[in-house]
Amino acid sequence: MRRIGLLTSGGDCQGLNAALRGVAKALYEWMPDTEIYGFRDGYQGLITGNSNMMKPGDFSGILTLGGTILGTSRQPFKTMVKGDDDSGPDKVEAMLATYRKLGLDAMVILGGNGTHKTANLLRENGMRVVTLPKTIDNDVWGTDLTFGFQSAVDIATHVIDNIHTTAMSHSRVFIIELMGHDAGWLTLYAGVAGGADVILIPEIPYKLTSVCATIENRIAQGKHFSIIALAEGAIDAKEAEMSKKKLRAKREKESFPSIGFRLAQELLEATGRECRVTVPGHFQRGGPPCPADRVLSTRLGAGAVRLIQDGDFGNMVGIVNNQIVPVPLEKVAGRLKLVEPEDSMVCCAKSIGVDFGD
Ligand code: F6P
């Protein structure tokens with residue numbers, strides 16, 4: 001008898017259930033003597049021992065279901081380790097205790113960047129761990145794609161498409177603010193797919209003068225509307241020179257709910273043209289996974305079971321050049337995959353006249 005634990009941690013996204021199903025179905029198929037334990041609400045369930053023994057039926061009918069049947073929560077990495085003064089509960093010890101108490105042989109952990117740091121910590125402390133990369137941000141190092149990303153690109157593109165028609169009718173400038181605090185992948189791909197005229201992402205600080213010039217050039221060409229795809233973490237060139245602390249203090253002083261509204265105000269002041277702002281927010285990570293994410297989640301889930309079969313623990317299952325590959329957790333942990341300013345997609349967008357504000 002083998003016992004495998006499953007948990008989903010961090011912000012949810014499309015494809016989590018499809019991946020859980022992929023893991024479970026492959027386990028029942030290839031290692032039928034396996035018991036699966038599902039932990040509630042991410043690492044919280046492993047800390048408190050809140051788990052259920054799952055049955056094959058629990059994984060039926062969830063391929064297309066958004067969210068996660070296990071629940072999730074954010075458990076920042078810094079809260080996992082004891083303070084220097086040795087204060088606070090030792091959460092790592094608590095998680096190891098649950099793991100041992102249930103007699104688990106391995107954990108399969110689904111999550112993004114923070115989740116991978118903690119998974120690596122558990123590995124260092126002797127837990128057998130395999131992870132799967134999820135997030136609409138697509139910023140997990142070591143994999144070309146994370147599941148959730150392609151579904152979010154579909155949704156964000158649909159938002160841009162619908163804004164396009166109203167922007168054209170009213171000859172307006174529209175800002176569509178998309179998710180992505182650190183990484184601009186979602187804004188970049190949805191921006192290109194939705195035909196945005198300006199794409200602003202955290203990795204490429206923007207100059208207001210460049211954005212204004214693009215809007216005015218379009219008007220001079222008889223195009224009286226403009227679409228700006230803006231990542232929520234975009235910064236301007238002056239902010240790029242500030243420390244994170246200074247930038248946070250500056251933003252706190254500004255009275256805008258988010259960067260999109262600030263940019264709208266700046267554009268109004270600089271061009272006299274009124275801008276409208278659309279923020280789809282968490283809508284981008286809800287609902288069913290797109291077919292491409294269903295396929296990816298299933299491949300990664302089955303890939304996790306291959307690693308368990310081979311006893312190859314301490315890895316994330318990634319996809320690189322369309323091949324499912326193990327990626328050592330110590331390489332993944334604490335590393336973000338950001339958009340390089342010379343990324344081929346950025347170059348492609350620039351070659352068709354998209355302005356990145358640089
Ligand atoms: O899942 C990643 C992400 O969507 C980021 O792009 C976003 O900024 C963040 O999560 C917000 O999520 P939450 O409200 O759950 O903290």
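Just follow the structure's listing: the first ligand is 1, and inside any ligand the first atom is 1. Everything numeric here is computed off the predicted structure, so don't read it as measured data. One-based numbering along the sequence shown.
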Which pair of heavy atoms, one from Arg285 and one from Ile136, lies closest together, and at what distance?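 Minimum heavy-atom contact is CB-CG2, 3.6 Å.
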Any idea which atoms of ligand 1 are less than 4.0 Å away from a heavy-atom of [X]?
{"X": "His181", "result": "8 (O)"}
{"X": "Glu232", "result": "5 (C), 6 (O), 7 (C), 8 (O)"}
{"X": "Gly180", "result": "6 (O)"}

Does the [X] side chain pair with the main chain of [Y], one donor and one acceptor, at a distance under 3.5 Å?
{"X": "Arg273", "Y": "Val173", "answer": "no"}
{"X": "His116", "Y": "Leu329", "answer": "no"}
{"X": "Gln14", "Y": "Gly286", "answer": "yes"}

Mark the output for Cys13 as yes if a heavy-atom distance to ligand 1 is under 4.0 Å, and as no if none is.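 Heavy atoms of Cys13 never come under 4.0 Å of ligand 1.
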Among protein heavy atoms, which sits nearest to [atom], and what does the distance come to when rounded to 0.1 Å?
{"atom": "atom 14 (O) of ligand 1", "value": "His282 NE2, 2.7 Å"}
{"atom": "atom 11 (C) of ligand 1", "value": "Arg285 NH1, 3.7 Å"}
{"atom": "atom 6 (O) of ligand 1", "value": "Asp137 OD1, 2.8 Å"}

Under 3.5 Å side-chain donor-acceptor pair for Gln221 and Arg218: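 The criterion, which ignores hydrogens and geometry beyond distance, is not satisfied for Arg218 and Gln221.
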Are any of the N or O atoms of [X] closer than 3.5 Å to those of ligand 1?
{"X": "Met179", "value": "no"}
{"X": "Arg74", "value": "yes"}
{"X": "Asp12", "value": "no"}

Applying a 4.0 Å heavy-atom criterion (strictly less than), which segment of Ile136 is in contact with ligand 1: side chain, backbone, both, or neither?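 Contact part for Ile136 vs ligand 1: side chain (C-beta onward).
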Examine the proximity of ligand 1 to Gln284 and report which part, side chain or backbone, both or neither, has a heavy atom under 4.0 Å away.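 The answer is neither; Gln284 stays 4.0 Å or more away.
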Consider only side-chain heavy atoms of I, L, V, M, F, W and Y, link residues closer than 4.5 Å, and tell whether Met127 and Leu110 are in one cluster.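 Met127 does not cluster with Leu110.
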Greater than 12 external heavy atoms within 6.0 Å of Met168's CE: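 Check fails, neighbour count at 12 or below.
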Lys25 to Trp30 six-membered ring, cation-pi geometry met (6.0 Å, 45°):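 Lys25 over Trp30 ring: no.
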